[in-house]
S.K.: 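My questions all concern the structure below.
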Amino acid sequence: MTAITPMMQQYRDAKEACGDAILLFRMGDFYELFFDDAKDAAKILGLTLTSRDKGENPIPMAGFPYHQLDSYLRKLILAGRKAAVCEQVEDPKKAKGIVRREITRLVSAGAVTDDELLSPGESNYLFALWRPKIDSPKVGCAWAELSTGDFWAATVEAEELVDLLAAVRPAELLCRDDVPHGLPAHAVAFAVTTRPAWEFGPDTAGKHVRSRFGVRDLEGLGFGEEDVLAISAAGAALGYLLETQKTSLAHFDRLQRYETSAYVEIDAAARRSLELDASLRRGNREGTLLAALDRTETSMGARRLAQWMERPLRDAHEIARRQDAVEALVAARTVRRDLRDLLKQIYDLERLTARVATRRASPRDLRSIVEVLNRLPEIVKILEPLPPEIASSWLVELDLCEDVRSLLCESLADECPTVTRDGGFIRAGFREELDRLRELARGGKQWIAQYQAREAQRLGIPGLKIGFNKVFGYFIELTAAQALKAPADFIRKQTLKNAERFVTPELKEYEEQVLSADEKAIELEEALFIELRDAVEKQAARLRTTGGCLAQLDVLASFAEIASERRYVRPTIVEEPILRVEEGRHPVLDQLEREGTLVPNDCLLDEEHGTLALITGPNMAGKSTYIRQQALIVFLAQIGCFVPARSATVGIADRIFARVGASDDIFRGRSTFMVEMTETARILNLATRNSLVILDEIGRGTSTYDGVSLAWAITERLHDAIGCRCLFATHYHELTALAERLPRLRNLNVAVREWKDEVVFLHKIVPGGADRSYGIHVAKLAGVPNEVIGRAEDLLAAFESDPQRESDRKTVRRAPAKRRTEVQLTLFEAAPNPIVEELRELRLDAMTPLEALAWLNDRQKKIREEMR
Ligand code: ADP
Ligand code: MG
């Protein structure tokens, strides 16, 4: 093997330390990549691949200028890669031998702080999960946002994990390297980083948590014995962030315990079906509830809104607290306007603070922090007209941080650069020494300007110029012709094509003064900057709390804004499982449809009117819209927002289930019918009396008879055993017959007006079941050729008049019954089966076990005979 250069050795050491990350190796003004990293990066980043040490063993190499780091990091992360940034950690001028280099940070999707790598309005979580064994029933979860300090932990049932991930939508998953994480492929749509299992152990992980939060035991954090798993995950997340950031993480000032039972559970399927924050069709924000609702003015507010939507509340008091603020802000129009106008001008205090705490803040970041702090007293003032209990309730967390503000005001210039390198960000008058150095440099520059004028006059060369460059410092430049007149004390330094450059001892003397003063001033500024940044870092927790307070105010003002803009009302929140909506509107359609075209609809689910509504009616009539609308209204109510209706009473839901449409899951490799049934099974297993269930077209993915039978049985189950509030839209109008037998089931349908030969959908939901499905009409609307429509109409008429049809139906109805006797008993026969009757009357307490057995034996024989 040939000997390698010391620099290559340094490179190899760094590469060894950075694991699977791509190493960006700083060399002068460039970041260079070598070997496979260079090859990968050439592809991902579109860099030109060259080679170093051309000859026998060329080393593949690629690179980019240092100031493009952020944009290239972004591309690497979007490509699912990690990057290690290896910097020169000493001044090359002062280095003896080769410059010392160190990896200063590791950047991965879940561990970023730079604005360029983040979406302003979206959280960016690292999600650690700890499952001690592959089949452990419980999983420890922790999610941390490096760019704000937001940090949560929870121990959840293994089945709940997918839903939690759907709500948090992390950017990166952190899990152990020895046991598969056991998540279905579709749930892991983000970067996965594995860590050795011991990093999750009580020694390592527990220590990280205790030392970060300065507590001796976990009770101090509000965590108990049952949270060991959650703490393991939290500790592993901290360990990873410490390792990658190599800083204090001072902004991680609290670990919040995520109480599953405090929030409405909305599983991944329901989240998707209801299009809360991603559309079914394109997966983006367009057409979602979030897009319709968001009137926030700051990115802190936008992220907080998304968080509130992640976890609607179950506590009536908490909901009322938000509603009170919204109500006050709806009423106080000027307050709301002024508050939002001011918020519009406010920087992202949470992310600025995070950059301070990870020691990546620039002078401009500190300046932005002061700008925010400067506005805080105005906010307090703006909110003064609000009822005092409301203002104080939402302002308790607003710490004006006067000490931080005055420190930064005194020290920072009005305009600050994004880098420290050129100085110029410390205010004059803050440090005497700095003023002196600057004066010295300025004096020198002044002297040089005067010297230029003097020499021009003395030599009679009006065009005599004094120039500056990094190599020669200050010099006098003369044209070739003028150079002939150069006096003896001019020392020739450089000959260019048309010019000669000279220096003089005098000039050099002042140059020394200017340069060394400038250099010293910048060094001092840099040192002062570190002092300031460290001082702010110590207050990170307070700044973060204030940021959180601004975020909440922004969301509340946004709720008030939409309420006033779209005439939303404050829903009455009750504990009983009811839902009463008068003239409700679908919140998304409400804004998408032309003014005046949306038909408002009522909804009434309670003991008296029935808790289960079966909505039948033709396609395109508005069934799906109607049932989603109700779920969205309940959802809005529980995040504390007002709702699009004339009035509403919402009983708190513990879970919201939504199984909507034959959603296209083909790309996930599961048949739609299988998906439909999996989701339905979850609903039947998990729904309680306090849940809200909306079902759209159950059983469409199989044959009609299968479909009707399933839908029928599912309805009965929801009605009899679960008793939840449920809205079920179906085109099986056969199901309307159920209303006769199920007391809490009510039939609704969509009003249709037949006019001449046309059918008009009124989108109005009215009591009663639909009797026809208008499929042919819809086909006509869709542009199916007239001949086909005509033929279908003839066929339909023929089927409808055929007496055979009725008997067909009967055989059909009997079909599923052949397999499952009791389905037939309860579903299709009005007269109860005699055996069931007998069983009901049976006095078990008056029988001996032997008698009971004999009875059973006898009836079983009878049933078997019947079945034959
Ligand atoms: P269905 O589920 O009955 O097939 P949808 O709920 O999908 O019907 O609605 C079909 C279309 O009708 C929607 O795209 C919407 O534009 C319109 N629509 C639905 N409800 C209303 C309403 N209340 N007012 C006005 N238009 C409506
Ligand atoms: Mg539909």
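When reading the values below, keep in mind they use all heavy atoms of this one structure, side chains included, and skip hydrogens, waters and symmetry mates. Ligands are counted one by one from 1 in listed order, and the atoms in each one are counted from 1 as well. Values in this document were obtained by computation on a predicted structure and should not be read as measured data.
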S.K.: I need the nearest protein heavy-atom contact for atom 23 (N) of ligand 1: residue, atom name and distance, please.
M.R.: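 Residue, atom and distance for the closest contact: Val599 O, 2.9 Å.
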
S.K.: Whether Arg570 and Asp324 form a salt bridge (side-chain N of Lys/Arg under 4.0 Å from carboxylate O of Asp/Glu) is what I want to check.
M.R.: yes

S.K.: Going by heavy atoms in the side chains, are Val335 and Leu329 under 4.5 Å from each other?
M.R.: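 Yes, close enough: below the 4.5 Å cut-off.
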
S.K.: For a salt bridge (Lys or Arg N to Asp or Glu O under 4.0 Å) check, start with the C-alpha distance between Lys344 and Asp341, then their side-chain angles and the critical distance, and finish with the verdict.
M.R.: CA-CA 5 Å; Lys344 213 178 288 190; Asp341 278 349; 3.6 Å; yes

S.K.: For atom 15 (C) of ligand 1, what is the nearest protein heavy atom, given as residue, atom name and distance?
M.R.: Leu589 CD1, 4.2 Å

S.K.: Quick one: which ligand 1 atoms are inside 4.0 Å of a heavy atom on Thr597?
M.R.: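 Near Thr597, the atoms of ligand 1 are 24 (N), 25 (C).
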
S.K.: Under a 4.0 angstrom heavy-atom cut-off, which atoms of ligand 1 come close to Glu593?
M.R.: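 Per the distance check, 16 (O).
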
S.K.: I'd like to know if Glu697 and Arg659 make a salt bridge, using a cut-off of under 4.0 Å between side-chain N and carboxylate O.
M.R.: no

S.K.: Please indicate whether any nitrogen or oxygen in Met620 is less than 3.5 Å from any nitrogen or oxygen in ligand 1.
M.R.: yes

S.K.: For Arg169, is there an ion pair with Asp277 - N to carboxylate O distance below 4.0 angstrom?
M.R.: yes

S.K.: Are Glu607 and Arg725 within salt-bridge range, i.e. N to O under 4.0 Å?
M.R.: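 Looking at Glu607 and Arg725, the cut-off is not met.
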
S.K.: For atom 22 (C) of ligand 1, what is the nearest protein heavy atom, given as residue, atom name and distance?
M.R.: His763 CB, 3.4 Å

S.K.: Do Glu159 and Arg682 meet the salt-bridge criterion of a basic N to acidic O distance under 4.0 Å?
M.R.: no

S.K.: Please work out, at 4.0 Å between heavy atoms, whether the side chain, the backbone, both, or neither of Arg585 comes within that distance of ligand 1.
M.R.: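 Neither part.
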
S.K.: Among all protein heavy atoms, pick out the one at the shortest distance from atom 2 (O) of ligand 1; state its residue, atom name and that distance to 0.1 Å.
M.R.: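 Answer, as residue, atom name and distance: Ser624 OG, 2.6 Å.
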
S.K.: Looking at every heavy atom in both Asp294 and Ala302, which two are closest together, and how far apart are they?
M.R.: OD2-CB, 4.3 Å

S.K.: Decide whether an N or O pair under 3.5 Å exists between Leu598 and ligand 1.
M.R.: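 For ligand 1, there is no N or O atom that lies under 3.5 Å from one belonging to Leu598.
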
S.K.: With heavy-atom distances below 4.0 Å as the criterion, list the atoms of ligand 1 near Gly622.
M.R.: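 Near Gly622, meaning under 4.0 Å from one of its heavy atoms, ligand 1 has 1 (P), 3 (O), 5 (P), 6 (O), 8 (O), 9 (O), 19 (C), 20 (N).
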
S.K.: Between the candidates Thr625, Asp590, Ile627, Asp696, which shows the shortest non-hydrogen contact distance to atom 13 (C) of ligand 1?
M.R.: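 Considering heavy atoms of Thr625, Asp590, Ile627, Asp696, the nearest to atom 13 (C) of ligand 1 sits in Thr625.
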
S.K.: Using heavy atoms and a threshold below 4.0 Å, how should the contact between Val750 and ligand 1 be classified: side chain, backbone, both, or neither?
M.R.: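 For Val750, no heavy atom sits under 4.0 Å from ligand 1.
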
S.K.: Answer yes or no for Ala621: is there a heavy-atom contact with ligand 1 below 4.0 Å?
M.R.: yes

S.K.: Mind checking whether the Mg ion (ligand 2) has an N, O or S of Ser624 under 2.8 Å?
M.R.: yes

S.K.: Can we say Arg566 and Asp590 salt-bridge, meaning some charged N sits less than 4.0 Å from an Asp/Glu carboxylate O?
M.R.: yes

S.K.: Are any of the N/O atoms in Tyr626 less than 3.5 Å from those in ligand 1?
M.R.: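 Not met; the criterion fails.
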
S.K.: Do Arg337 and Glu561 meet the salt-bridge criterion of a basic N to acidic O distance under 4.0 Å?
M.R.: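 No.
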
